[in-house]
S.K.: 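Here it is, the structure, as structure tokens.
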Amino acid sequence: MAKKVLKCALALLLAFSVFGGLLSSASDVRADSVYVGGFSNSYPILGGGSSDSLLAAKPGNDYAGLALYVGGMPFGVKFMTDGVVVTELCDIKTDGAKKCPAKDAGIVPGDVIVKINGEAVTDATCLTDIAEKNAGKSITVTYSRDGKTKDTELTPVRCAEDGRYKTGMYVKDSGAGIGTVTYVVPETMSFGGLGHGICDASTGKLIPMQRGSVVGVTISGVVRGLSGSPGEVRGYFSAPKTGTLLKNTEWGVFGAFATLPEGCTQKLIIGTKNELQNGKAYILSTLEGTTPQKYEIEISDIKTGSTSNKCFTVKVTDKNLIDKSGGIVQGMSGSPIIQNGKLVGAVTHVLINDPTTGYGIFIENMLNAAQMPMAKVG
């Protein structure tokens with residue numbers, strides 16, 4: 001039987017808008033775990049980071065001798081999606097029958113609506129307004145799927161229950177949540193965190209993201225992980241904007257801080273995947289307040305050829321961590337992994353049936369992703 005794994009998560013809340021049913025919201029954590037609100041469409045770059053390079057490293061991804069500040073502290077993000085993401089489809093009750101215009105137009109969950117009638121869709125309200133304004137007339141919807149952009153014709157229908165014209169799709173345009181910083185680049189205040197991307201919970205696809213804000217977080221508690229029921233870190237946004245989120249990739253999220261985060265004082269040399277060994281290591285993670293703590297783990301099953309975000313197995317052996325959280329929980333993704341005095345990677349996943357066991361990513365894979373061209377995700 002295949003092992004069930006869970007990205008141990010940006011503790012993520014997503015704001016949903018509905019075009020075919022009741023207002024809905026969903027998340028992979030409780031709604032009271034973070035404050036959600038205050039989204040903006042524009043985010044200036046803070047600190048020394050730029051949109052072209054998030055890491056001061058040698059050409060050819062040669063990280064030998066590179067020293068980075070080690071993270072372990074929590075950070076919050078608020079972001080707007082690039083376009084609106086379709087999360088699910090639904091039928092509309094009309095006077096004669098039930099219809100789903102979006103389905104009839106070939107749209108599926110995971111598609112990203114980027115334009116309607118040639119006009120950019122910047123938020124969910126935009127889509128509602130256009131559907132109402134056209135009052136049952138056909139509209140041209142431009143959407144992105146698997147990196148390809150397509151056009152389709154969609155005709156909103158009048159809902160018999162409230163008299164409004166609807167498209168039959170649920171979409172989201174924004175989100176917020178909590179994650180863990182892996183490293184900070186001394187020269188630029190650029191950072192990497194999570195070790196995996198922020199994905200839509202319903203489709204599993206990477207969320208196309210505009211630039212977002214990084215904000216301060218205080219951890220208020222931990223829900224213990226149990227077999228079959230992953231735990232979670234809970235917290236709240238406790239400080240205003242502290243930086244900018246620039247990239248969402250399969251290997252982590254990347255951005256720049258305005259100043260060095262509190263508690264980020266230790267610099268370590270990078271340990272390459274060829275230096276990683278089976279055996280003892282430790283992670284830095286924050287399960288209360290804002291200060292990272294050190295917890296012992298065991299590394300095994302190293303796949304040196306892996307370019308994914310699951311490169312080796314992580315087993316929690318620290319009694320204090322097991323007592324506090326049961327092991328790896330949602331919100332700990334990005335926790336830096338240190339072995340033999342070097343920064344070698346970050347925690348990314350947890351096994352659903354065994355919260356003491358999960359996966360880690362090579363730090364090299366995160367650094368490689370940080371240096372990718374600053375193209376929009378989608």
Side-chain angles (χ1 to χ4, degrees), residues 7 10 43-72 75 77 79 82 147 179-199 206-214 242-258 260-261 264 267-276 303-312 333-338 342-348 359-378:
K7 291 175 181 176
L10 171 83
Y43 303 91
I45 298 175
L46 300 179
S50 75
S51 61
D52 297 317
S53 177
L54 290 175
L55 178 68
K58 301 175 184 178
N61 297 343
D62 179 7
Y63 304 118
L66 178 66
L68 302 173
Y69 283 113
V70 180
F75 70 104
V77 298
F79 63 87
D82 187 14
T180 300
V181 177
T182 304
Y183 68 83
V184 180
V185 181
E187 296 84 357
T188 65
M189 293 299 104
S190 301
F191 76 93
L194 297 189
H196 62 70
I198 301 174
C199 297
L206 206 65
I207 292 176
M209 186 185 300
Q210 294 181 13
R211 290 177 179 174
S213 292
V214 178
T242 58
T244 299
L245 190 68
L246 297 172
K247 296 176 68 175
N248 180 29
T249 78
E250 294 177 17
W251 305 273
V253 298
F254 305 95
F257 287 114
L260 194 65
C264 196
K267 282 186 189 178
L268 289 180
I269 299 291
I270 293 304
T272 67
K273 58 188 177 184
N274 292 323
E275 295 177 273
L276 194 63
K303 299 178 177 63
T304 55
S306 176
T307 58
S308 73
N309 54 27
K310 291 188 289 185
C311 305
F312 52 90
S333 58
S335 297
I337 300 174
I338 298 167
K342 294 185 177 182
L343 175 61
V344 296
V347 176
T348 60
Y359 294 103
I361 184 175
F362 298 133
I363 191 64
E364 292 164 280
N365 290 7
M366 290 186 69
L367 297 178
N368 289 342
Q371 293 192 104
M372 289 178 179
M374 287 299 297
K376 293 181 179 178
V377 177

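As the structure is a computational prediction, the values presented were derived from the model and not from experiment.
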S.K.: If you take all heavy atoms of Thr348 and His196, which pair is closest and at what distance?
M.R.: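 Taking every non-hydrogen atom into account, O-CD2, 3.3 Å.
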
S.K.: Please round to the nearest 0.5 Å and tell me the distance separating atom NZ of Lys310 and atom NZ of Lys303.
M.R.: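 These two atoms lie 9.0 Å from each other.
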
S.K.: Are Phe191 and Phe75 an aromatic pair, judged by ring center distance below 6.0 Å?
M.R.: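 Here the rings of Phe191 and Phe75 have centres that are less than 6.0 Å from each other.
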
S.K.: Out of the candidates Leu343, Leu66, Ile270, only one should pair with Tyr183 under the side chain to side chain contact (heavy atoms under 4.5 Å, CB included) rule; please name it.
M.R.: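 The option that passes is Leu343.
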
S.K.: Go through Leu268 and Ile338 one step at a time and tell me if the side chain to side chain contact (heavy atoms under 4.5 Å, CB included) criterion holds.
M.R.: CA-CA 9 Å; Leu268 289 180; Ile338 298 167; 3.7 Å; yes

S.K.: Which heavy atom of Ser308 sits nearest a heavy atom of Ser306, and at what distance?
M.R.: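 Smallest heavy-atom distance, with atoms named: OG-OG, 2.9 Å.
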
S.K.: Ignoring hydrogens and angles, tell me if any N or O in the side chain of Glu275 forms a donor-acceptor pair with the backbone of Thr272 under 3.5 Å.
M.R.: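 Checking the backbone N and O of Thr272 against the side chain of Glu275, a donor-acceptor pair under 3.5 Å is found.
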
S.K.: Quick check: closest heavy atoms across Met366 and Ala346, and the distance to 0.1 Å?
M.R.: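 Residues Met366 and Ala346, closest heavy atoms: SD-CB, 4.0 Å.
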
S.K.: Please assess Phe362 against Val344 for the test side chain to side chain contact (heavy atoms under 4.5 Å, CB included), listing each intermediate value before the final yes or no.
M.R.: CA-CA 6 Å; Phe362 298 133; Val344 296; over 6 Å; no

S.K.: Looking at every heavy atom in both Leu194 and Gly179, which two are closest together, and how far apart are they?
M.R.: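 Looking at all heavy atoms of both residues, the closest pair is CD2-CA, 3.7 Å.
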
S.K.: Do side-chain atoms of Thr182 reach the backbone of Gly334 as a donor and acceptor pair under 3.5 angstrom?
M.R.: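 Yes.
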
S.K.: Main chain of Trp251, side chain of Asn309: is a donor-acceptor contact present, judged purely on distance under 3.5 Å?
M.R.: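 Not a single qualifying donor-acceptor pair exists.
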
S.K.: With side chains defined as the heavy atoms from C-beta onward, is the minimum distance between Pro186 and Leu68 less than 4.5 Å?
M.R.: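 Yes, side chains in contact.
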
S.K.: Quick one: do Leu245 and Val253 satisfy side chain to side chain contact (heavy atoms under 4.5 Å, CB included)? Show the steps, please.
M.R.: CA-CA 7 Å; Leu245 190 68; Val253 298; 3.8 Å; yes

S.K.: So, for Ala369 and Lys247, which heavy atoms are closest and what is the spacing to 0.1 Å?
M.R.: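 Closest approach of Ala369 to Lys247, heavy atoms only: O-NZ, 2.7 Å.
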
S.K.: Might you point out which heavy atoms bring Pro336 and Val181 nearest each other, and give the distance in Å?
M.R.: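 Looking at all heavy atoms of both residues, the closest pair is CD-O, 3.7 Å.
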
S.K.: Begin from the C-alpha positions of Phe254 and Thr249 and carry the test side chain to side chain contact (heavy atoms under 4.5 Å, CB included) through to its verdict.
M.R.: CA-CA 8 Å; Phe254 305 95; Thr249 78; 3.5 Å; yes

S.K.: Asn365 and side chain to side chain contact (heavy atoms under 4.5 Å, CB included): which single residue from Ile363, Leu367, Ile361 fits?
M.R.: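 The option that passes is Ile361.
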
S.K.: Kindly indicate whether the side chain of Glu364, heavy atoms from C-beta on, has any atom under 4.5 Å from the side chain of Tyr63.
M.R.: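 Yes - at least one pair of side-chain heavy atoms lies under 4.5 Å apart.
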
S.K.: Measure the shortest side-chain to side-chain distance between Val214 and Phe257 over non-hydrogen atoms and say whether it is less than 4.5 angstrom.
M.R.: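 They are in side-chain contact.
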
